[in-house]
Amino acid sequence: MRTAARFALSRRVSQMEPVITRFPPSPTGALHIGGARTALFNWLFARSLGGRFILRIEDTDVERSTQESVTAILDAMQWLDLNFDEGPYYQTSRLDIYRDYARKLKDSGHAYWCECSAEELEVRRNKAMAEGRKPKYDGACRSKGLCEGPNRVLRFYTPQSATTVLNDLIKGPIEFDNSELDDLVILKSDGFPTYNFAVVVDDITMGITHVIRGDDHVNNTPRQILIYRALGAKLPEFAHVPMIHGEDRSPLSKRHGATSVMEYEKMGFLPEALINCLVRLGWSHGDQEIFSRSELIEKFTLENVGKSPSIFTMERLLWLNAHYIKEKSPQELLAHLKPFLARRSYPEKSDDFLTGAIRTLQTRTHTLEEMAEAMAFYMEDAIRFEPEAATKFLTKDMGAVFLRLISELSELEAFDEASLEPVFRNTAKELEVKLGKIAQPVRVALTGGTKSPGLFEIMEVLGKEAVVERLQKGLEFILAA
RNA sequence: GUCCCCAUCGUCUAGCCCGGUCCAGGACAUCGGCCUUUCACGCCGACGACACCGGUUCAAAUCCGGUUGGGGACGCCA
């Protein structure tokens with residue numbers, strides 16, 4: 001549903017200073033589907049308005065942050081081609097900045113030191129939950145006038161009266177009663193900033209104009225708004241995008257299968273397919289399903305982002321991937337396919353042979369992995385017949401047909417579809433069998449099975465020598481039967 | 001428990017702001033048909049939804065209220 005407020009806000013957007021968006025993953029794992037879509041929306045929004053896109057690594061959780069995760073995230077961003085204009089910035093190298101801002105807050109009377117221990121707090125929280133109360137900090141240290149010291153945290157003085165309104169670009173105005181909020185920690189006892197404080201400081205100092213993020217952050221926003229105000233800083237626009245769920249409507253997680261972006265690369269998906277799939281989760285442009293990158297940049301707007309969560313399934317991704325496989329040139333596909341071929345340790349083949357083979361499989365495969373697998377009969381020198389197929393089609397009465405075909409084909413000059421087809425038609429006519437009757441046996445001899453690309457296209461790719469050889473092997477089977 | 005958000009075919013969604021053009025459109029999936037040397041592709045068709053209850057109105061998928069359902073948040077995680 002659209003609201004007047006949304007339009008008013010977004011109209012204002014286009015007339016303001018250049019937009020700056022950011023994607024701030026915490027390096028505690030790979031880049032997953034949900035994160036990738038958030039990154040994509042931020043990237044798209046910035047690109048569509050000629051703005052800047054910043055990558056910021058939120059690594060203040062020293063326990064869980066790893067360099068491997070940073071690398072994995074960077075790789076995934078690169079694979080999806082979500083290039084950033086600044087960064088990656090690391091929060092751990094901006095500690096002085098957070099301390100400065102924390103001091104400002106303390107000096108202006110917006111923060112106070114607290115000596116309550118984590119364990120103690122935990123107990124109080126559980127008790128509150130058990131009694132059916134909202135588990136917020138009780139403000140025990142509010143007026144103790146404590147100084148900085150070991151094991152002490154700095155807390156933000158949250159006003160307990162009035163309300164805070166978040167004018168969300170996607171969800172419209174959302175009002176929070178300040179009494180629902182508590183005095184959140186802004187500096188941990190180890191001196192590191194907490195998330196809610198660090199984002200605000202970063203977004204202020206980096207000049208972020210639009211915060212586009214998952215709507216699991218909606219509840220954090222009023223706290224952040226209060227901090228902006230205490231700091232006397234201008235608010236950015238906020239846009240909270242609905243989350244992506246698994247098929248059981250629970251948040252996407254491991255048990256729903258692949259969640260990390262790079263797993264999809266390994267499964268044989270093209271980045272443009274994933275992008276196209278992700279962008280349509282929560283965003284649409286009329287009835288259009290397929291978008292090129294430039295179309296996305298041209299057409300993306302926050303107004304067309306929906307409010308309700310969506311479920312990620314593979315059906316659509318598979319279809320999109322098949323679409324892009326059909327659309328790409330065999331040469332382009334070959335570049336993407338090579339790693340998959342290598343993994344199967346097929347014999348070496350020329351690029352010409354490979355692109356010829358690819359061309360015949362483009363309408364028949366959904367993923368690069370599938371294609372690499374389907375390529376087997378082209379690649380392996382000795383093909384093995386599927387037992388059922390061989391006994392059904394490589395029958396005695398085919399002996400004469402194979403014999404004839406072998407001699408005719410051996411003498412053929414040009415070995416392409418156009419010259420191959422007449423040979424088969426004539427053979428069928430003269431031996432008084434239907435073309436359909438001889439096609440399957442030949443297919444079995446050539447590919448080992450009963451499903452394949454068109455006979456003549458296969459033969460053209462394989463070449464005369466290989467075709468005749470395979471036909472001969474087929475004949476041997478027939479005679480032995 | 002408290003607060004916040006959301007609710008159209010199985011799935012992604014259009015329509016909702018500005019009520020009639022919607023006995024709700026598209027796409028994926030599924031099923032059927034056509035094409036055809038197999039399998040695909042392509043084309044054609046079928047199936048299939050406004051969560052529920054009230055209200056406002058001549059008229060509601062669209063506006064209002066409630067119910068139910070789902071999700072999120074409540075950390076010295078981000």
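Order of the sequence lines sets the chain letters (A, B, ...), proteins ahead of strands, with each chain counted from 1.
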Within 45° cone of Phe41(A) ring axis and under 6.0 Å: Arg37(A) NZ or CZ: yes
Along RNA chain B (nearest heavy atom to each residue), the more 5'-positioned of Tyr137(A) and Phe176(A): Phe176(A)
Touch class at under 4.0 angstrom, heavy-atom based, for Glu58(A) against every strand present: sugar-phosphate
Touch class at under 4.0 angstrom, heavy-atom based, for Ser26(A) against every strand present: sugar-phosphate
P-based separation of rA59(B) from rC5(B) [nearest Å]: 31 Å
Sugar-phosphate only, base, or nothing, as touched by Thr60(A) at under 4.0 Å among non-hydrogen atoms: sugar-phosphate
Any Lys326(A) side-chain N or O less than 4.0 Å from OP1/OP2 of rG42(B): yes
Touch class at under 4.0 angstrom, heavy-atom based, for Val153(A) against every strand present: base
Interatomic distance at C1', rU36(B) relative to rC43(B), whole Å: 13 Å
Short side-chain N/O contact from Arg125(A) to OP1 or OP2 of rC76(B), under 4.0 Å: yes
Inter-nucleotide P distance (rA7(B), rC12(B)), Å rounded: 13 Å
Distance, rounded to the nearest Å, where Phe192(A) contributes CZ and rC77(B) contributes C1': 14 Å
Touch class at under 4.0 angstrom, heavy-atom based, for Gly454(A) against every strand present: base
Distance between P atoms of rG33(B) and rG70(B) (Å, rounded): 41 Å
Interatomic distance at C1', rC34(B) relative to rC50(B), whole Å: 34 Å
Length of the line joining Lys171(A):NZ and rC6(B):C1', which is rounded to integer Å: 6 Å
Gap between atoms CZ and P, on Arg249(A) and rG10(B) respectively (whole Å): 10 Å
Sugar-phosphate only, base, or nothing, as touched by Thr450(A) at under 4.0 Å among non-hydrogen atoms: base
Arg152(A) and Glu148(A) ion-paired at < 4.0 Å: no
Ring center gap for His110(A) and Tyr101(A) short of 6.0 angstrom: no
Sugar-phosphate, base or nothing in reach of Phe456(A), heavy atoms under 4.0 Å: base
Residue closer to the 5' end of RNA chain B, Asp287(A) versus Thr365(A) (nearest nucleotide): Asp287(A)
Touch class at under 4.0 angstrom, heavy-atom based, for Asn220(A) against every strand present: base
Aromatic plane relationship, Phe456(A) with Phe424(A) - under 30° parallel, 30 to 60° tilted, over 60° perpendicular: perpendicular
Euclidean distance for C1', rU8(B) against rC52(B) (whole angstrom): 15 Å
Touch class at under 4.0 angstrom, heavy-atom based, for Ser189(A) against every strand present: base
Sugar-phosphate only, base, or nothing, as touched by Pro309(A) at under 4.0 Å among non-hydrogen atoms: sugar-phosphate
Sugar-phosphate, base or nothing in reach of Glu180(A), heavy atoms under 4.0 Å: sugar-phosphate
Lys307(A) side chain near rC6(B) phosphate (N/O to OP1/OP2, under 4.0 Å): yes
Euclidean distance for P, rA60(B) against rU21(B) (whole angstrom): 11 Å
N or O in side chain of Lys188(A) less than 4.0 angstrom from rC77(B) OP1/OP2: yes
Which pairs of donor and acceptor atoms, one on a side chain in residues 270-281 of chain A, lie under 3.5 Å apart (sequence neighbours left out)?
residue	atom	partner	partner atom	Å
Glu272(A)	OE2	Lys328(A)	NZ	2.8
Asn276(A)	OD1	Phe291(A)	N	2.8
Asn276(A)	OD1	Tyr324(A)	OH	2.8
Asn276(A)	ND2	Glu289(A)	O	2.9
Arg280(A)	NH1	Trp283(A)	O	3.1
Arg280(A)	NH2	Glu289(A)	OE1	3.4

Span that lies between the C1' atom of rA29(B) and that of rG15(B), in whole angstrom: 23 Å
Within 45° cone of Tyr137(A) ring axis and under 6.0 Å: Arg155(A) NZ or CZ: yes
Trace of the side chain to side chain donor-acceptor pair (under 3.5 Å) decision for Tyr89(A) with Asp202(A): CA-CA 10 Å; Tyr89(A) 292 114; Asp202(A) 284 336; over 6 Å; no
